Amino acid sequence: MDGYAVSGPAPWRVVGRTLAGDAVADPLKAGQAVEIATGAVPPPGATAVLPYEHSQRRAEFLMGEARAGQHIRRRGEEFASGVELVPAGAVLGPVHLGLASAMGLDAIDVRRVPSVSAVITGAEVVSHGVPHENQVRDAVGPMLPGMVASAGGRFRDLVPIGDQARLLEEHLAARVDDIVLVTGASSAGPSDFLAPTLTSLGARQIVDSVGCRPGHPQSLWEWGDSFVVGLPGNPLAALAAFVTLAMPLLDRMGGRPLRGLEPHGVHRDFEDALRRSSAKRGQAATVLSPCRLTGGLLTSVGHDGSAMLRGSVNATGFAVTGPGVVGIAFHPFPWSLATP
Ligand SMILES: Nc1nc2c(c(=O)[nH]1)N[C@H]1C(S)=C(S)[C@@H](COP(=O)(O)OP(=O)(O)OC[C@H]3O[C@@H](n4cnc5c(N)ncnc54)[C@H](O)[C@@H]3O)O[C@H]1N2
Ligand code: MOO
């Protein structure tokens with residue numbers, strides 16, 4: 001507060017002035033005051049600060065009412081030494097940096113946000129206009145920047161390469177990213193060059209497929225200090241693979257704990273459908289079904305074929321059932337705008 005630092009009860013005699021940045025002024029005795037600017041250190045012995053607008057001054061004499069301690073910020077008022085202000089693993093935003101500076105820190109140990117690029121394969125996959133009958137519009141690439149950002153990564157680049165394995169090699173050889181997502185080319189067909197290309201480059205395969213539907217032809221590779229995640233070409237299968245492999249990878253690289261699966265209440269009709277779907281798979285696969293929460297229960301969004309996204313635009317997560325899952329669990333989508 002701009003005003004007077006006073007000592008003891010009124011009246012006071014003004015004996016000097018102290019401004020922000022000044023060295024600490026001489027101690028005040030009871031009945032003395034100094035003019036003070038906001039940000040200046042009150043002199044030892046000051047018991048309150050009286051704002052100008054609440055003071056009456058005549059020559060060096062000052063009157064007013066000052067409650068003990070008013071308008072004086074105490075050292076340690078915000079945090080005491082040794083108190084944890086931000087837990088390890090927190091994602092830092094601009095306010096954390098302000099707080100760190102306020103704490104007097106010059107450096108903080110951080111993990112950088114993993115950088116991610118995507119390689120879109122498929123001679124039939126086009127990025128513009130209405131596709132011809134032998135073509136399909138890329139429905140995976142446009143999802144990836146937002147999904148990566150909401151899962152804690154920094155999306156950098158998207159490269160369509162048709163079916164040219166050489167371009168995948170070139171992208172990987174010049175890699176600058178922590179994670180490269182490759183869509184398509186992951187199954188067993190003649191154009192499915194992902195595994196042969198990565199193997200010939202000397203990458204180490206960590207996961208060769210995942211027992212889930214949709215999205216089983218997904219893979220994880222380690223190459224030097226980068227990871228490659230193979231996402232199947234079918235759009236909903238790619239989304240499932242992103243949730244299954246890419247999200248935990250981003251969590252781990254970002255120093256965050258892995259997300260658990262909690263059993264959740266399910267709408268009766270949807271539960272029956274999920275159980276039928278799971279039984280059809282003979283318990284061999286985990287079923288991931290896009291769903292949303294309605295009245296506290298998971299409900300189907302429909303239109304959930306592995307080549308479709310129509311239902312998933314309304315989904316807030318996957319209902320998960322199958323081996324190792326107790327009941328039916330909910331895995332929320334971090335990019336979902338709807339609040340659960
Ligand atoms: N013999 C087998 N064949 C297939 C199997 C299998 O187990 N044995 N699995 C099937 C499943 S399930 C999937 S999923 C696909 C995955 O194949 P790929 O990852 O190699 O993907 P593609 O063959 O390139 O494409 C599959 C499908 O998706 C279309 N596609 C591709 N990229 C995009 C894109 N960016 N946007 C929209 N659509 C895309 C593509 O035209 C194909 O129709 O393998 C099955 N086969
Ligand atoms: O994984 Mo494919 O997922 O069913 O289209």
Side-chain angles (χ1 to χ4, degrees), residues 116-148 155 157-168 171 180-199 203 205 207-221 228-247 273-274 276-278 280-282 284-291 301-313 315 318-322 331:
V116 181
S117 63
V119 174
I120 309 294
T121 77
E124 78 285 23
V125 179
V126 294
S127 325
H128 299 283
V130 178
H132 294 138
E133 62 180 8
N134 60 340
Q135 294 178 326
V136 63
R137 266 294 292 270
D138 174 18
V140 182
M143 295 197 283
L144 295 177
M147 294 199 322
V148 165
F155 192 86
D157 200 12
L158 187 139
V159 198
I161 63 162
D163 274 338
Q164 300 186 62
R166 188 181 49 80
L167 295 181
L168 175 63
H171 181 81
V180 179
L181 305 173
V182 182
T183 70
S186 65
S187 193
S191 302
D192 294 335
F193 53 81
L194 180 64
T197 304
L198 288 171
T199 305
Q205 188 163 37
V207 175
D208 65 356
S209 73
V210 173
C212 66
R213 296 290 186 281
H216 73 94
Q218 51 178 299
S219 59
L220 175 64
W221 303 74
V228 177
V229 180
L231 305 176
N234 280 316
L236 183 56
L239 194 160
F242 182 86
V243 167
T244 308
L245 284 184
M247 267 172 57
L274 285 168
R276 275 198 305 277
S277 174
S278 185
K280 207 168 71 188
R281 311 268 175 214
T286 299
V287 173
L288 305 174
S289 189
C291 67
V301 289
H303 301 284
D304 56 2
S306 73
M308 298 177 187
L309 294 177
R310 181 172 163 185
S312 297
V313 291
F318 275 130
V320 184
T321 185
H331 190 300

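Quantities reported herein were computed from a predicted structural model and do not represent experimental measurements. One-based numbering, in listed order, for ligands and for the atoms of each.
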For ligand 1, note which part of [X] has a heavy atom under 4.0 Å away: side chain, backbone, both or neither.
X      : value
Pro217 : side chain
Ala185 : backbone
Asp138 : both
Arg137 : backbone

query: Given that the side chain starts at C-beta and the backbone is N, CA, C, O, which of these parts of Pro214 lies under 4.0 Å from ligand 2, counting heavy atoms, or is it both or neither?
result: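 Near ligand 2, Pro214 shows its backbone as well as its side chain.
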- prompt: In ligand 2, which numbered atoms sit nearer than 4.0 Å to a non-hydrogen atom of Asn234?
  reply: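 Near Asn234, meaning under 4.0 Å from one of its heavy atoms, ligand 2 has 5 (O).
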- prompt: Do any heavy atoms of Arg213 fall under 4.0 Å from ligand 2?
  reply: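 Distance cut 4.0 Å: Arg213 fails for ligand 2.
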field: Close approach, Pro232 and ligand 2, non-hydrogen under 4.0 angstrom
entry: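 No, that is not the case, since the closest heavy atom of the residue is not under 4.0 Å from the ligand.
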- prompt: Counting heavy atoms only, which of His216, Met143, Gln135 is nearest atom 7 (O) of ligand 1?
  reply: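 The residue whose heavy atom sits nearest atom 7 (O) of ligand 1 is His216.
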Without swapping roles, check the side chain of [X] against the backbone of [Y] for a donor-acceptor pair under 3.5 Å.
X      : Y      : value
Thr197 : Ala165 : no
Arg137 : Gly129 : yes
Thr244 : Ala240 : yes
Ser186 : Pro217 : yes

Please report the closest heavy-atom contact between [X] and [Y], naming both atoms and the distance.
X      : Y      : answer
Met143 : Leu309 : SD-CD1, 3.9 Å
Val287 : Ser278 : CG2-CA, 4.0 Å
Pro290 : Asp304 : CG-CB, 3.6 Å

So, regarding [X] and ligand 1 (criterion: nitrogen or oxygen to nitrogen or oxygen, under 3.5 Å), is there a contact or not?
X      : value
Thr183 : no
Ala139 : yes
Gly233 : yes

Decide whether the shortest distance between a heavy atom of [X] and an atom of ligand 1 is less than 4.0 Å.
X      : answer
Ser306 : no
Gly189 : no
Arg213 : no
Gly122 : no

Considering only protein heavy atoms, which is closest to [atom], and at what distance to one decimal place?
atom                    : value
atom 42 (C) of ligand 1 : Glu124 OE2, 4.1 Å
atom 5 (O) of ligand 2  : Ser306 OG, 2.4 Å
atom 1 (O) of ligand 2  : Gly215 N, 2.5 Å
atom 46 (N) of ligand 1 : Ser187 OG, 3.4 Å
atom 19 (O) of ligand 1 : Ser186 OG, 2.4 Å
atom 43 (O) of ligand 1 : Asn234 OD1, 4.2 Å

message: Measuring from atom CD of Gln164 to atom CZ of Phe193, what distance do you get when rounded to the nearest 0.5 angstrom?
response: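 Between Gln164 CD and Phe193 CZ, I get 8.5 Å after rounding to 0.5 Å.
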query: Can you tell me how far the CG atom of Asp163 sits from the CG atom of Leu168, to the nearest 0.5 Å?
result: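 Answer rounded to 0.5 Å: 11.0 Å.
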task: Using a strict 4.0 Å cut-off to heavy atoms of Val136, name the atoms of ligand 1 that fall inside it.
output: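 Taking each heavy atom of Val136 in turn, ligand 1 has 38 (N), 41 (O) under 4.0 Å.
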